[in-house]
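Below is one structure; the comments refer to it alone.
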There are 2 protein chains.
Amino acid sequence: MSRPIRTRRQATLASLAAELGVSRTTVSNAYNRPDQLSPELRRRVLETARQLGYPGPDPVARSLRTRKAGAVGLLLTENLSYAFRDPVALGVLEGIALACEDSGTGLQLLPAGPGNEDVSTVHKAGVDGFIVYSVPDDDPHLSGVLQRPVPTVIIDQPLIDGVDRVGPDDAAAMTAMANHVVELGHRSIGILCMRLSQDRNDGPASMLRQHQAHYHTQRTRLDALATTFGNVGVEWSTVPVIERFDHTVADGATAAAELLDANPEVTALICTSDILALGALEEAHRRGLRVPADLTITGFDGIADAQRAGLTTVHQPVQDKGHAAGSLLLNPIRKTSTVPGSTQVITLDTELKIGTTSAQPRTTEQHWFGP
Amino acid sequence: MSRPIRTRRQATLASLAAELGVSRTTVSNAYNRPDQLSPELRRRVLETARQLGYPGPDPVARSLRTRKAGAVGLLLTENLSYAFRDPVALGVLEGIALACEDSGTGLQLLPAGPGNEDVSTVHKAGVDGFIVYSVPDDDPHLSGVLQRPVPTVIIDQPLIDGVDRVGPDDAAAMTAMANHVVELGHRSIGILCMRLSQDRNDGPASMLRQHQAHYHTQRTRLDALATTFGNVGVEWSTVPVIERFDHTVADGATAAAELLDANPEVTALICTSDILALGALEEAHRRGLRVPADLTITGFDGIADAQRAGLTTVHQPVQDKGHAAGSLLLNPIRKTSTVPGSTQVITLDTELKIGTTSAQPRTTEQHWFGP
DNA sequence: AACTGCTTCTGAACCGTTACGGTTCCAGAC
DNA sequence: GTCTGGAACCGTAACGGTTCAGAAGCAGTT
């Protein structure tokens with residue numbers, strides 16, 4: 001098996017047609033609509049194509065004419081390494097890929113990492129639609145995508161008028177978790193959260209920063225916590241919230257250390273992701289704190305490692321999320337909807353999973369009689 | 001933020017030029033060569049574009065003219081789920097993605113799963129090149145790729161004349177492993193290997209099947225074992241080789257069980273992948289066999305879990321492998337090579353990692369006095 | 001006055017294909 | 001002998017850009 005020799009000038013459908021003395025249409029039909037010409041002629045066309053080294057119709061020219069690229073673009077404002085290492089991102093990616101596979105569509109990963117200010121990659125991508133995953137609402141790539149006249153589906157965040165969205169009900173899910181912790185009797189809590197905006201801030205997140213967060217998901221989760229704990233008399237401004245730019249177990253551990261150092265009275269650590277919670281768990285062990293006896297720790301996402309660790313968390317079906325987004329984009333149910341501008345929103349079920357890392361605080365009174 | 005209202009008919013570069021009373025060239029330049037027109041005119045062009053809802057030059061039309069798609073295709077004849085679950089595949093994928101990110105190129109995952117007989121997805125992909133990863137040498141998608149007049153790089157397998165390739169020296173690496181096991185004194189060995197061909201065969205792989213294997217990598221590794229052990233008097237035809245179609249830890253375990261049931265005299269289990277070896281390890285523990293005292297087990301690849309388990313294995317830099325393939329495709333060093341048809345081959349370094357799962361057989365003589 | 005050089009803009013030729021709406025031909029029906 | 005209908009094939013017009021050679025205008029130089 002060896003590669004065909006390239007002729008001086010690539011053969012085209014037109015040159016092949018000329019060679020055969022037939023019209024271009026006929027050659028095109030030989031490839032795309034075999035029933036439109038006699039088997040004999042078709043055989044001749046294909047045979048001559050082979051001799052001339054004609055590789056078949058050019059995909060780009062075809063795309064131009066048919067207005068179909070046969071691929072969707074995935075925008076993820078994150079280093080691609082992250083997408084391949086973070087279990088949640090990987091699950092979503094897998095779900096999307098599955099949906100694409102189902103419909104025979106390509107999935108194009110767009111290079112739009114943090115360092116990449118160049119939006120042109122979005123403008124140059126020949127795709128029939130976009131899936132946007134976990135992007136801050138002020139991202140330039142995102143506005144580039146929205147300018148393109150192709151359908152777009154956003155996963156999780158941001159929430160944009162007129163754009164389809166797939167995601168869990170973060171507010172409800174986090175409220176359920178907050179209620180769980182409240183019911184256990186915790187009133188002295190601390191929060192670990194993921195990146196709130198593009199500018200790195202590893203440390204406490206002020207109230208202002210929380211409200212101005214460009215990552216919608218994180219903001220919603222914090223709001224839900226603030227509301228629920230506010231209802232039982234916990235003043236949110238007194239609740240320590242520690243932010244981490246990078247999303248790793250190690251960062252979760254340092255965040256927990258930072259929080260516990262400054263607020264040793266805390267009886268429950270609520271984390272906006274499992275990864276951070278697993279880090280907190282590590283840090284708790286390092287300090288000799290028993291979980292949940294001395295410290296309650298909760299996560300969010302329901303990744304495999306969390307289940308293994310018995311973490312109390314909110315499970316969300318990450319793979320389904322990706323698959324739903326892909327299906328929404330690829331299966332044009334939208335055609336049935338009479339209103340052209342109608343937006344579809346798919347809300348995914350979440351489930352509060354109570355594990356072995358949450359329990360009543362050791363002495364509920366401790367807070368009142370303080371040191 | 002909301003989407004621009006779509007006009008009756010999408011504006012094009014031509015309609016925009018007409019509206020402005022300038023030539024198409026000028027509009028094109030406004031987007032692609034700002035220095036070619038006065039700032040004032042450029043501002044007007046962009047402003048009018050905004051008013052008309054013109055989304056900028058169509059990427060497909062641009063690609064047709066410039067003969068650049070800005071993306072490379074990844075062919076992987078495997079369910080995409082596999083690519084996202086298998087640590088080796090994931091590492092390779094990450095490496096490729098990194099290389100693409102470096103050069104601002106998109107990475108298009110082609111849907112070419114096992115069930116997908118349709119080669120048209122390969123023909124329809126508008127890409128500037130292909131990376132082929134771990135594909136059997138008789139795969140129809142592969143020949144589709146090779147027909148396309150774009151550069152192609154193959155990772156691992158198959159080995160095709162005139163096509164660039166990136167991969168380890170499997171023969172040398174496996175020979176090193178075989179020598180290690182030979183030097184420990186093992187003469188009664190068993191082999192667990194991955195899929196040899198597209199047709200499922202979970203069980204013993206006959207000599208014929210081994211020789212006809214369509215997965216070049218597996219064949220090479222087996223050949224290396226056969227040669228090395230042949231040199232010390234072990235007749236290869238007597239060595240049990242158990243094949244598994246799916247590549248999971250569970251399959252490794254059942255393969256080990258199958259082999260050990262039929263060949264209890266075996267003192268060393270050489271596996272062609274870490275995943276299979278980890279399964280074998282599980283099965284050995286289940287049977288109460290001590291590793292390495294009762295049974296030596298070796299792997300191949302050097303994944304993280306293997307390191308954690310102390311597995312004796314051959315480490316190969318999977319991420320580098322992907323990155324090298326991407327770089328080879330994207331950085332056209334090829335231009336410097338005078339011979340147009342010259343082929344580049346990058347061979348990656350491997351390293352024999354001796355862990356805690358290999359040791360001398362308990363009684364080397366056992367084999368000679370055997371039952 | 002002719003020449004040079006620079007900036008700014010234009011005209012026309014592609015890029016390779018498919019959609020659309022035909023025309024031609026011929027067998028069989030009437 | 002005309003009509004009908006289907007199979008086979010064709011010509012033209014997009015699809016939406018980029019690119020290159022040059023034209024026009026104008027200031028400065030010799």
Side-chain angles (χ1 to χ4, degrees), chain A residues 7 9-45 48-49 52-70 120 123-128 147-150, chain B residues 7 9-45 48-49 52-70 120 123-128 147-150:
Chain A
T7 43
R9 186 99 165 56
Q10 264 304 324
T12 70
L13 188 142
S15 69
L16 180 53
E19 176 75 21
L20 282 158
V22 302
S23 78
R24 302 207 297 271
T25 303
T26 300
V27 176
S28 176
N29 284 336
Y31 284 95
N32 305 315
R33 304 178 174 179
D35 58 314
Q36 294 293 304
L37 73 172
S38 65
E40 161 58 14
L41 178 55
R42 181 170 135 91
R43 199 196 51 71
R44 265 181 61 217
V45 171
T48 309
L52 263 58
Y54 175 64
D58 181 285
V60 175
R62 165 185 281 153
S63 288
L64 174 60
R65 185 65 243 235
T66 60
R67 317 265 25 164
K68 290 249 158 293
S120 75
H123 289 134
K124 286 181 181 161
V127 295
D128 299 323
Q147 273 165 22
R148 294 277 302 271
V150 295
Chain B
T7 42
R9 187 96 167 60
Q10 264 304 319
T12 70
L13 187 141
S15 69
L16 179 52
E19 177 75 20
L20 284 158
V22 301
S23 76
R24 303 210 305 280
T25 303
T26 299
V27 177
S28 177
N29 283 337
Y31 284 95
N32 304 315
R33 304 177 174 182
D35 58 313
Q36 293 293 304
L37 72 172
S38 65
E40 160 57 15
L41 179 55
R42 182 171 133 90
R43 199 197 52 69
R44 264 182 60 218
V45 170
T48 309
L52 264 56
Y54 176 63
D58 182 285
V60 175
R62 165 183 282 154
S63 288
L64 174 60
R65 181 67 239 231
T66 61
R67 317 265 35 175
K68 290 248 160 292
S120 74
H123 289 133
K124 286 181 183 162
V127 294
D128 299 323
Q147 274 166 20
R148 292 278 299 270
V150 295

Taking all heavy atoms of [X] and all of [Y], pick out the closest pair and write down the distance.
{"X": "A:Tyr54", "Y": "A:Ala11", "result": "CD1-O, 3.3 Å"}
{"X": "A:Pro59", "Y": "B:Ala125", "result": "CG-O, 3.5 Å"}
{"X": "B:Arg148", "Y": "B:His123", "result": "NH1-O, 3.5 Å"}
{"X": "A:Gln147", "Y": "B:Pro55", "result": "O-CB, 3.4 Å"}
{"X": "B:Gly70", "Y": "B:Asp128", "result": "N-OD2, 2.7 Å"}

Find the distance [X]:[atom1] to [N]:[atom2] and express it as a whole number of Å.
{"X": "A:Asp58", "N": "C:dG16", "atom1": "CG", "atom2": "C1'", "answer": "6 Å"}
{"X": "A:Leu13", "N": "D:dT12", "atom1": "CG", "atom2": "P", "answer": "16 Å"}
{"X": "B:Arg62", "N": "D:dT19", "atom1": "CZ", "atom2": "C1'", "answer": "13 Å"}
{"X": "B:Leu37", "N": "C:dC6", "atom1": "CG", "atom2": "C1'", "answer": "16 Å"}
{"X": "A:Glu40", "N": "D:dC9", "atom1": "CD", "atom2": "C1'", "answer": "15 Å"}
{"X": "B:Lys68", "N": "D:dG16", "atom1": "NZ", "atom2": "P", "answer": "23 Å"}

(Q) Any donor-acceptor pair, under 3.5 Å, between the side chain of A:Arg67 and the base of D:dC15, if you only look at N and O atoms? (A)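 For A:Arg67, whose side chain was compared with the base of D:dC15, there is no donor-acceptor pair (under 3.5 Å).
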
Q. Has the side chain of A:Arg65 got a donor or acceptor atom sitting under 3.5 Å from an opposite partner on the base of C:dT17?
A. no

Q. Can you tell me if B:Thr26 and B:Ser23 form a side-chain donor-acceptor pair at under 3.5 Å?
A.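 Side chains of B:Thr26 and B:Ser23: pair found under 3.5 Å.
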
Q: Mind listing the residues from residues 21-36 of chain B sitting with a heavy atom below 4.0 Å of DNA chain D? Number order is fine.
A: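 Those residues whose heavy atoms fall under 4.0 Å from DNA chain D, taken from residues 21-36 of chain B in numerical order, are B:Arg24, B:Thr25, B:Ser28, B:Asn32, B:Arg33.
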
Q. Taking only side-chain nitrogens and oxygens of B:Thr66, does any of them come within less than 4.0 Å of OP1 or OP2 of C:dC15?
A.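 Result: no.
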
Q: Calculate, to the nearest 0.5 Å, the distance between atoms OG1 and CG belonging to A:Thr48 and A:Leu20 respectively.
A: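 Spacing of OG1 (A:Thr48) from CG (A:Leu20) equals 4.0 Å.
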
Q) Just checking B:Leu64: base, sugar-phosphate only, or nothing, at a heavy-atom cut-off of under 4.0 Å? A)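 If one applies the 4.0 Å heavy-atom cut-off, B:Leu64 turns out to touch a base.
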
Q. Looking at the side chain of A:Ser38, which of D:dG16, C:dT18, D:dA8 is the nearest nucleotide?
A.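 Given the options D:dG16, C:dT18, D:dA8, the side chain of A:Ser38 is closest to D:dA8.
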
